[in-house]
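Below: one structure, written as structure tokens.
Quick note: numbers below take in every heavy atom, side chains included, and nothing from hydrogens, waters or symmetry partners. Proteins get letters first, then strands, A, B, ... in listed order; numbering begins at 1 in each.
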2 protein chains.
Amino acid sequence: MTRRPDLPLAEEPAPRERADAARNRARVLAAAEKLFAERDPASVTMDDIAKAAGIGRGTLYRRYPDRVSIARALLDEHERALQEKLMRGAPPLGPGEDVGPADRLAAFYAAMIDLLETHVHLLLGAETGSARYSTGAYGFWRLHVRHLAQQAGAADADTLADLLLAPLAPELYRYQRENGTSLERISTGLAELAHGTLGSRA
Amino acid sequence: MTRRPDLPLAEEPAPRERADAARNRARVLAAAEKLFAERDPASVTMDDIAKAAGIGRGTLYRRYPDRVSIARALLDEHERALQEKLMRGAPPLGPGEDVGPADRLAAFYAAMIDLLETHVHLLLGAETGSARYSTGAYGFWRLHVRHLAQQAGAADADTLADLLLAPLAPELYRYQRENGTSLERISTGLAELAHGTLGSRA
DNA sequence: GATAGAAGTGGACAGGACGTCCACTTGTGC
DNA sequence: GCACAAGTGGACGTCCTGTCCACTTCTATC
């Protein structure tokens, strides 16, 4: 009944990915990245990706159930890096003695704009519409902003967190950029928003 | 070359909708309203609507090129009513001597929450994802909020307007409501946001 | 009313995307 | 080098879309 003591401690017996599988995974990610970048991500089909990667439909579906999961895989490391900085990085992005929640929110906004600017196409592929809220990443941003709102003494930090994350929707970002709004203007606007809502009021 | 003077002044000669066409239009709208309400609007197909309305595909497509246009048609009168109130209604929704932009924005938020609560299903059908920004309605809300931001002396009212409208995204509203956040909490949060950003700062 | 022609109708059709299934191939541990 | 698990790829059935066009119904006119 008990686990065999000589097995490695990992819960899963570590199934080891086969060499051809690893090669194909890499091909898929590379092909998808390219396709997402050069076309409207919503129009990229699983077929397109399979063709571009030079593999069959079945192989693609074996690991990625849909386009969204591929975009998420591509996004993953970038989002983790930012999350790391939020938790343990230097202020104002990370926590610090003499930095208030409004400044940290503004810094977070700026960092997200950075992420958006570099990877809108992936974010549009991964977090379009309602899918956004079911992302692990969204949960993390939510926790972070809620925490800042609490620090600022907000009455309902939970609700406020979602409202404050809304302006970071990838669709909005694309819309604004395509309409000629510069990265800086968006960042400045968001900073205003941050200080207005979480700033120390008189 | 000149227009015949005895014709009615309307630009289009008013082609008069045929009786059967009018009947079918009504059927379509009724059926669609019902379907949108009882299912996830994104999953309602043109076929579903045609079947529910008891008409053929071709007939449906004749007037409505896609699901979105049907949802918009259903939404239209409600949105117009609100627009009317914003322009000519009583303060704080409408313009007034002793009402500041922050209060008007809060009132607008509250009215939009009302609209969302009653018609999320239609808004999800009509303004999902990027389609939202190409709506005439969005343009109107945008103009209104920009105007308020200008009154409040915002540096970049244009950019701020989009940012302030983001929390009204139908997907977010559905997400919040489904997660148990009450209508009141959302309204209160938005009011905070309104006063924080457009309120008179010390 | 009868009628001509415009307006409206509905279902068949082709195209494309999805997701599954399974006979075959390839890699890996023994 | 063998056995078998893991991986592969393309064919298949289903669903949805949007168009097309032969047919029907309405309405303006006489």
*Identify, residue by residue, the members of residues 31-42 of chain B with a heavy atom below 4.0 Å from DNA chain D, and return them in order of residue number, or none.*
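None - not one residue of the stretch has a heavy atom sitting under 4.0 Å from the strand.
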
_Contact residues, residues 20-27 of chain A to DNA chain D [heavy atom, < 4.0 Å]_ =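 Under 4.0 Å from DNA chain D: A:Asp20, A:Ala21, A:Asn24.
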
*Using a cut-off of strictly less than 4.0 Å, decide whether A:Thr59 has a side-chain nitrogen or oxygen near OP1 or OP2 of D:dG7.*
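A:Thr59 to D:dG7 OP1/OP2: no side-chain N or O under 4.0 Å.
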
For the [atom1] atom of [X] and the [atom2] atom of [Y], what is their distance to the nearest 0.5 Å?
X: A:His78; Y: A:Leu115; atom1: NE2; atom2: CG; value: 8.0 Å
X: B:Leu163; Y: B:Thr197; atom1: CG; atom2: OG1; value: 10.0 Å
X: B:Leu75; Y: B:Ile70; atom1: CG; atom2: CD1; value: 13.0 Å
X: B:Arg67; Y: B:Ser69; atom1: CZ; atom2: OG; value: 10.0 Å

Using whole Å, report how far [atom1] of [X] lies from [atom2] of [N].
X: B:Arg63; N: D:dG18; atom1: CZ; atom2: P; result: 17 Å
X: A:Glu17; N: D:dA6; atom1: CD; atom2: P; result: 13 Å
X: B:Tyr64; N: D:dG18; atom1: OH; atom2: P; result: 16 Å
X: A:Leu60; N: C:dT20; atom1: CG; atom2: P; result: 12 Å

*Donor-acceptor pair, side chain of B:Arg177 and main chain of B:Thr181, under 3.5 angstrom*: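 The answer is yes, because a donor-acceptor pair under 3.5 Å joins these two groups.
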
_Main-chain N/O of A:Asp47 paired to A:Thr45 side chain as donor or acceptor, under 3.5 Å_ =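 Checking the backbone N and O of A:Asp47 against the side chain of A:Thr45, a donor-acceptor pair under 3.5 Å is found.
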
Side chains of residues 122-130 of chain B: which donor-acceptor pairs under 3.5 Å do they make with residues two or more places apart or in other chains?
residue: B:Thr128; atom: OG1; partner: B:Glu171; partner atom: OE2; Å: 3.1
residue: B:Ser130; atom: OG; partner: A:Arg174; partner atom: NH2; Å: 2.9

Please table the atom pairs, donor to acceptor, closer than 3.5 Å between any side-chain atom in residues 23-34 of chain B and protein atoms at least two apart or in another chain.
residue: B:Arg25; atom: NH1; partner: B:Glu17; partner atom: OE1; Å: 3.2
residue: B:Arg25; atom: NH1; partner: B:Glu17; partner atom: OE2; Å: 2.1
residue: B:Glu33; atom: OE2; partner: B:His121; partner atom: NE2; Å: 3.0

Short heteroatom pairs, N/O only, protein and nucleotides 14-17 of chain D, under 3.5 Å:
residue: D:dT17; atom: OP2; partner: B:Met46; partner atom: N; Å: 3.4

*Counting only distance, no hydrogens or angles, is the base of D:dT25 paired donor-acceptor with the side chain of B:Arg18 under 3.5 Å?*
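For B:Arg18, whose side chain was compared with the base of D:dT25, there is a donor-acceptor pair (under 3.5 Å).
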
*How would you list, by chain and number, every residue that makes a ring-ring contact (aromatic ring centres under 6.0 Å, His included) with B:Tyr133, sequence neighbours excluded?*
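If we apply the ring-ring contact (aromatic ring centres under 6.0 Å, His included) test to B:Tyr133, skipping adjacent residues, the hits are A:Tyr175, B:Tyr138.
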
*Could you walk me through whether B:Glu84 and B:Arg88 pass the salt bridge (charged side-chain N to carboxylate O under 4.0 Å, His left out) check?*
CA-CA 6 Å; B:Glu84 190 58 33; B:Arg88 279 182 280 279; 2.7 Å; yes

*Applying salt bridge (charged side-chain N to carboxylate O under 4.0 Å, His left out), run through B:Asp158 and B:Arg142 and close with a yes or a no.*
CA-CA 8 Å; B:Asp158 238 301; B:Arg142 208 177 166 291; 2.9 Å; yes

*Just checking B:Ile55: base, sugar-phosphate only, or nothing, at a heavy-atom cut-off of under 4.0 Å?*
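Answer is sugar-phosphate: B:Ile55 comes under 4.0 Å of backbone atoms only.
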
